[in-house]
Amino acid sequence: MPELPEVESVRTGLEKLIKGLKIKQVTVLWDRIIAEPSDIRLFKEKIKNQRIESIGRRGKFLLFFLTDYVMISHLRMEGKYRIESNDVPISKHTHVIFELEDGRELRYLDVRKFGRISLIPRDTELAHASIAKLGPEPVRETLVLETFKNQLLKRKKTIKATLLDQTVIAGIGNIYADEILFEAKIHPARMANTLIERELITLYEAILLVMGKAVKAGGTTIRTYQNAFGETGSYQSFLNVYGKKGQSCPRCGTTIEKTKVAQRGTHYCPNCQSESQLIR
DNA sequence: GTCCTTTCCTGACAGC
DNA sequence: TGCTGTCAGGAAAGGA
């Protein structure tokens, strides 16, 4: 499940592999992957002979900057890009094939077909609905402590749901939300607007720490995640609570529990992230 | 405006 | 063995 660190690792990989190449033509094997334009023929027509000038990222969205268009791609749960020679057989879960001028192909694979691709004119990307509403990236330069605190204090929902809300901060998904809350010693079901000053600052620092460390590690490989080189991330070796139900908390030894918060599987240490916080 | 629920999808796994 | 049911979950859309 690619979150910001995994998408960033895909981005840097793709830049090394296909930047500067021209797309000769595109084959779409599962129409629903293409969100825009709604007419698939138009998508294929427009992308023909476009050169991949660079590859950017905003939150969990990949942005392929082409000659005249920007291709916005979200991998959702299991989307991945592979570069293959055109004589390599098409695997079962390949849904979009971009033929490149050097005979290789950029292939989009997605077991669950949740990923979406949009092709829009250059320079309209920042105004595109999916991008425009995103909150700041989780780095010190863009995530301003005061703004962050104000955002949280007006949310009448759990802190876990708030961290997953892409309009508050861009790029945090289920794995890192659990890891961040463990780091900050805050219970995931705590209401965001009940956090006190000290907790808000601790949480802010935990976000920067966890996300920064995960980007450096090339992301986390839980199920099937691979970057463009087919490499896995290494952050899973730093995970403290995610997927650790029944194991000992690395901080206090208490057994890690799993519940459901904000409709998501949620892992936490019942001692470090105490329930008693909930009554405040 | 904010929050909550549903929808999209397939593979893995538990239980019978 | 083979079937059925449940779970995994990010974002968009629609309803409250």
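Reckoned from all heavy atoms, side chains included, excluding hydrogens, waters and symmetry mates.
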When the distance from [atom1] of [X] to [atom2] of [N] is rounded to whole Å, what number comes out?
{"X": "I172(A)", "N": "dG9(C)", "atom1": "CD1", "atom2": "P", "result": "16 Å"}
{"X": "L75(A)", "N": "dA12(C)", "atom1": "CG", "atom2": "P", "result": "14 Å"}
{"X": "E6(A)", "N": "dG10(C)", "atom1": "CD", "atom2": "P", "result": "11 Å"}
{"X": "E78(A)", "N": "dC8(B)", "atom1": "CD", "atom2": "P", "result": "18 Å"}
{"X": "M77(A)", "N": "dA12(B)", "atom1": "CE", "atom2": "P", "result": "15 Å"}
{"X": "N174(A)", "N": "dC7(C)", "atom1": "CG", "atom2": "P", "result": "15 Å"}

Original post:
Going by heavy atoms closer than 4.0 Å, what residues in residues 119-137 of chain A are next to DNA chain B?
Top reply: none
Can you tell me if the side-chain N/O atoms of [X] get under 4.0 Å from OP1 or OP2 in [N]?
{"X": "R76(A)", "N": "dC9(B)", "value": "no"}
{"X": "K245(A)", "N": "dC7(C)", "value": "no"}
{"X": "K92(A)", "N": "dG11(B)", "value": "yes"}
{"X": "H93(A)", "N": "dG11(B)", "value": "yes"}
{"X": "K113(A)", "N": "dT10(B)", "value": "yes"}
{"X": "Y242(A)", "N": "dG9(C)", "value": "yes"}

Original post:
For residues 103-142 of chain A, which residue pairs qualify under ring pair (Phe, Tyr, Trp, His ring centres under 6.0 Å), counting only residues two or more places apart or in two chains?
Top reply: Y81(A)-Y108(A)
Using a cut-off of under 3.5 Å, enumerate the N/O to N/O pairs linking the protein to nucleotides 13-16 of chain C.
none

Original post:
F114(A) side chain: which of dG11(B), dC8(B), dA8(C) is closest?
Top reply: dC8(B)
Original post:
Of all the choices, dA11(C), dC9(B), dA8(C), which nucleotide is nearest to the side chain of W30(A) once you look at every atom?
Top reply: dC9(B)
Original post:
With distance as the sole criterion, is a donor-acceptor pair present between the side chains of T94(A) and S91(A) under 3.5 Å?
Top reply: yes
Sequence-distant partners of [X], ring-ring contact (aromatic ring centres under 6.0 Å, His included), two or more places apart:
{"X": "F148(A)", "answer": "Y204(A)"}
{"X": "H74(A)", "answer": "F61(A)"}
{"X": "F98(A)", "answer": "none"}
{"X": "Y235(A)", "answer": "Y176(A), F238(A)"}

Subject >> Contact list for residues 251-260 of chain A, test side-chain hydrogen bond (donor to acceptor under 3.5 Å, both in side chains), sequence neighbours left out >> reply: E257(A)-Y268(A)
Original post:
Do any pairs count as a side-chain hydrogen bond (donor to acceptor under 3.5 Å, both in side chains) and have a residue in residues 44-53 of chain A, sequence neighbours left out, and if so which ones?
Top reply: Q50(A)-D68(A), R51(A)-E101(A), E53(A)-R122(A)
Find every protein N or O atom lying less than 3.5 Å from an N or O atom of nucleotides 1-7 of chain B, and list the pairs.
| residue | atom | partner | partner atom | Å |
| --- | --- | --- | --- | --- |
| dC3(B) | OP1 | K156(A) | N | 2.6 |

Ion pair [X]/[Y], N-O distance below 4.0 Å:
{"X": "K160(A)", "Y": "D178(A)", "result": "yes"}
{"X": "E78(A)", "Y": "K113(A)", "result": "no"}
{"X": "K213(A)", "Y": "E183(A)", "result": "no"}

Original post:
Which of these, L14(A), V10(A), L17(A), sits in a side chain to side chain contact (heavy atoms under 4.5 Å, CB included) with I55(A)?
Top reply: L14(A)
Original post:
Between the side-chain atoms of R116(A) and the base atoms of dA12(C), is any donor-acceptor pair under 3.5 Å?
Top reply: no
**OP:** Answer yes or no: side-chain N or O of R112(A) and base N or O of dG9(C) forming a donor-acceptor pair under 3.5 Å.
**Re:** yes
**OP:** Share the residues that join I256(A) in a hydrophobic cluster, the rule being Ile, Leu, Val, Met, Phe, Trp or Tyr side chains under 4.5 Å apart at the heavy-atom level.
**Re:** F182(A), V241(A)
Subject >> Axis deviation across the helix from dT2(B)-dA16(C) to dC16(B)-dG2(C), five-pair ends, to the nearest 10° >> reply: 50°
Subject >> Minimum-distance pair of heavy atoms, taken over all atoms of L153(A) and L195(A) >> reply: CD2-O, 3.7 Å
Original post:
Under 4.5 Å between any side-chain heavy atoms of S130(A) and S118(A), yes or no?
Top reply: no
